[in-house]
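For reference, positions follow the sequence shown, starting with 1.
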Amino acid sequence: MMKHLLLTATCLISLNSFAQTDTTRLPVNLDEVNIVAQKFLTKTTTGSQIQLITNTQIGQRNPMNAADMLLQTGNVFVQKSQGGGGSPVLRGFESSRVLIVVDGVRMNNAIYRAGHLQNVLRIDPSMLERAEVMFGPSSLIYGSDALGGVMYFQSRNPELSGAKNWLVKPAAYIRYGSATGERTAHVDVSAGNRQLGFLTSVTYGSFGDVVQGNRRRDAYSNFGKLLQYVERPNNEDVIVNNPNPNRQIGSAYHQLDLLQKVLFRPSDGVQHTLNLQYSTTGNVPRYDRLTEVASGKPRFAEWYYGPENRLLASYNLTLSRPTSVYDRAMLTVAYQDIDESRISRRLGAASRSEQIEQVGVWSLNADLQKQAGKHLIQYGLEATNNKVNSRAQNVNATTGAITPFNTRYPDGGSTLQTAGVYVSDQLALSKQVTLNAGLRYSLSELKAKFIDKTFFPFPFNDIKQQPSAFTGNLGLLYRPSERTRIALLGSTGFRAPNVDDLTKVFESKAGSLVVPNPNIKPEYTYNGELSVSQWLGNILRLDGTYYYTVFDNAIVVDAFTLNGQSQVQYAGQLSQVLAAQNKRKAIINGWNVAALVRLTNQLTLTSTLNGTNGKIKNATNTPLDHIPPTFGRTALTYQTRKLQAEVWALYNGWKRIADYNPEGEDNAQYATPDGMPAWTTVNARVSVKLGSYLTVQGAVENIMDVNYRYFASGISAPGRNVVLTLRGSL
């Protein structure tokens, strides 16, 4: 780890990048980078730290999924609980506290939980034009949930020919990964004439049981090994010894992603886009739960997420003919249909429990932009409507007989409606100074109804909440020269409680039960940050950011009472009652430093390092959960017109057990007794164009076959992984 700290130490003389593009051919000036996360493709002058991932970088890095794509930036931490998992962490915020947006439509819905989420995996990186990560509170544009930042994913559009003749462009690839058992195939076809275009895409990925690295620290020679697993021949649970303890049996899954876009441009300045996306999986085993042990035996015989289905249908109207009201305007109407389920059965139990959720989400976004003298004004509104239906049952594993079981969310249904309006102004005070300011008002209404109280005698039949919030940004960007930029930014964020926060009934672990609490209130963040970016000559660029965030009214799960009782009987066991409550105020501060060195026109060295610290404001300054260890990435890239080669290292520092939150989501049970050890992987890849239509890619990841886990994860990372890809396009 020390050699990587030394490599990036030179960055500490400045403070992170406004827009880290990871490109090998940057200009020597610091013009703003075009981004779409602020609704319109606009040069960013907010001073926010932004990570841009281009379509070219996605193709070169060849990520297995969207979580892997984010992880490879070296600026986004990712937690994993299973093979089909990947939960991004932005500045110590995760899951329902960071926002996912696809083509202008928010993916976060009423049942996004505060623990760890794998929903970002339902985004196909093969069809992305670009991805952007905005770090820090971003509630001005996006409202609730953007406490730690926004991950914005923009899919490709059909390509128009500009003539009457049709332009047809097919593309395809196949990919193999040895340590993950990956077999992925993709094909897409774009067809368009002057006004009308179609884009069709299909991606199917099959992933086997992940084989973890074999090189372990001497102090933890058995860490991560899977010694036993459960099979069920002849309707009887049997514990089987694993012949290869590095093979994490119970981590395999498969996924299918479909996309269909229709683009119609009847005239200059008017564009209509119909966007259909569908993602589905097979069963996704919860590997971390399958490795839990009770009395020397596996606790669970089965624990998996049922097929996860996501349907997105949206219509977008984009207008770019200037009027007195706007220069550019966008209207997006969307519907999402999401199906999720959780299935589990303890070892030797006759029946498995099945909890099934269906969520339907309508959304409307209207955004307008107008240049008025030195003012660039943007304003808009958003409205969403979430409807949640929850059902549950026990199914006999032998006979198939069905009996009632408690639902995860209210069985009478739940709704969450939100609305918000915002306005922002970017004022050019001079060629060197830009002032940014904005304000948003948001409100929400949550309703839930409990009907069947067989399992829990709740003291209420209905839950209703109507919170509201004002949020805003204020920033100053100073550019004393083309080679220097300095930004000071203040921003606020909020998150209204959702259905998962208020109404969930959930067995978090044996002997503990989370029950609904209708009295929780919104969470808030108040953030200040300073960023500096500097070119030194034409060779070296240094970037840095320091941020300080107050996290107020934080919702945590803590001891609670139900009908005056601190313990209740659940599933035949006396369990402590817990509930979500506003009980925390925390301080999160951190930094990001980055360097880019142009060694030659073809050879570039890049490096980035991130550090985050989070403490709860109490008598003992208890560590806040979700705070990753120091992490980063260093890469040496060589690029010509037909060849791209890269050697890179990913690294994480120690997360000592004393820095784990004792009651949150840090999952100390899946770490060593000392915490999660530091690690470094060395990796290499090459991409070669063979003629005009064919590209061959090869990579060896984790060359040294190091055994490691990401902090808070319940599954070990792949060991030495050979990745082979063949791409073709016209």
Rounded distance (nearest 0.5 Å) linking atom [atom1] of [X] with atom [atom2] of [Y]:
X	Y	atom1	atom2	answer
Arg310	Glu308	CZ	CD	11.5 Å
Glu523	Phe494	CD	CZ	11.0 Å
Ile50	Ser138	CD1	OG	8.5 Å
Arg97	Leu117	CZ	CG	11.5 Å
Tyr112	Ser144	OH	OG	13.0 Å
Ile588	Tyr547	CD1	OH	7.5 Å

Between Trp648 and Arg685, is there a cation-pi geometry (under 6.0 Å to ring centre, at most 45° from the normal)?
->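 Here Arg685 passes the 6.0 Å and 45° test against Trp648.
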
Measure from NZ or CZ of Arg709 to the centre of the six-membered ring of Phe223 and say whether it is under 6.0 Å with the direction within 45° of the ring axis.
->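 The answer is yes; both the distance and angle limits are met.
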
Donor-acceptor under 3.5 Å ([X] side chain, [Y] main chain):
X	Y	result
Asn610	Asn592	no
Ser139	Tyr142	no
Asn667	Gln669	no
Tyr651	Thr681	no
Ser607	Thr634	no
Lys655	Ile627	yes

Is any side-chain heavy atom of [X] less than 4.5 Å from a side-chain heavy atom of [Y]?
X	Y	value
Tyr287	Ser81	no
Val120	Arg122	no
Val706	Thr680	no
Asn436	Asn473	no
Ile58	Met69	yes

What are the two closest heavy atoms between [X] and [Y], and how far apart are they?
X	Y	value
Ala658	Pro623	O-CG, 3.5 Å
Arg216	Asn707	NH2-ND2, 3.2 Å
Gly115	Ser95	O-OG, 2.6 Å
Arg156	Ser126	NH1-O, 4.3 Å
Ser716	Gly224	OG-CA, 4.0 Å
Ser178	Arg720	OG-O, 3.9 Å

Kindly say whether the aromatic ring centers of Phe93 and Phe551 come within a distance under 6.0 Å.
->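 Phe93 vs Phe551: aromatic centres under 6.0 Å.
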
Please confirm whether Tyr660 and Phe711 have ring centers closer than 6.0 angstrom.
->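 Between Tyr660 and Phe711, the centre distance is under 6.0 Å.
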
Ionic contact status for [Y] with [X], cut-off 4.0 Å:
X	Y	answer
Glu646	Arg633	yes
Glu529	Arg91	yes
Asp68	Arg61	no

Is it true that the side chains of [X] and [Y] contain a donor and an acceptor less than 3.5 Å apart?
X	Y	result
Tyr638	Thr604	no
Asn214	Asp705	no
His626	Glu665	no
Gln51	Asn75	yes
Asp103	Gln154	yes
His254	Ser206	no
Glu94	Ser87	yes
Asp188	Ser201	no

How far apart are the C-alpha atoms of Gln534 and Arg541, what are their side-chain angles, what is the distance that settles it, and do they pass the side chain to side chain contact (heavy atoms under 4.5 Å, CB included) test?
-> CA-CA 6 Å; Gln534 176 73 57; Arg541 172 173 166 167; over 6 Å; no

For Asp625, check salt bridge (Lys or Arg N to Asp or Glu O under 4.0 Å) against everything at least two apart and list the hits.
->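 Partners of Asp625 by the salt bridge (Lys or Arg N to Asp or Glu O under 4.0 Å) criterion, ordered by chain and then number, come out as Arg584.
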
[X] atom [atom1], over 12 foreign heavy atoms within 6.0 Å:
X	atom1	value
Arg215	CZ	no
Lys615	NZ	yes
Tyr548	OH	no

Start with the C-alpha gap between Trp679 and Tyr710, add the side-chain angles, then the distance that decides, and say whether ring pair (Phe, Tyr, Trp, His ring centres under 6.0 Å) holds.
-> CA-CA 9 Å; Trp679 55 266; Tyr710 289 94; 5.1 Å; yes

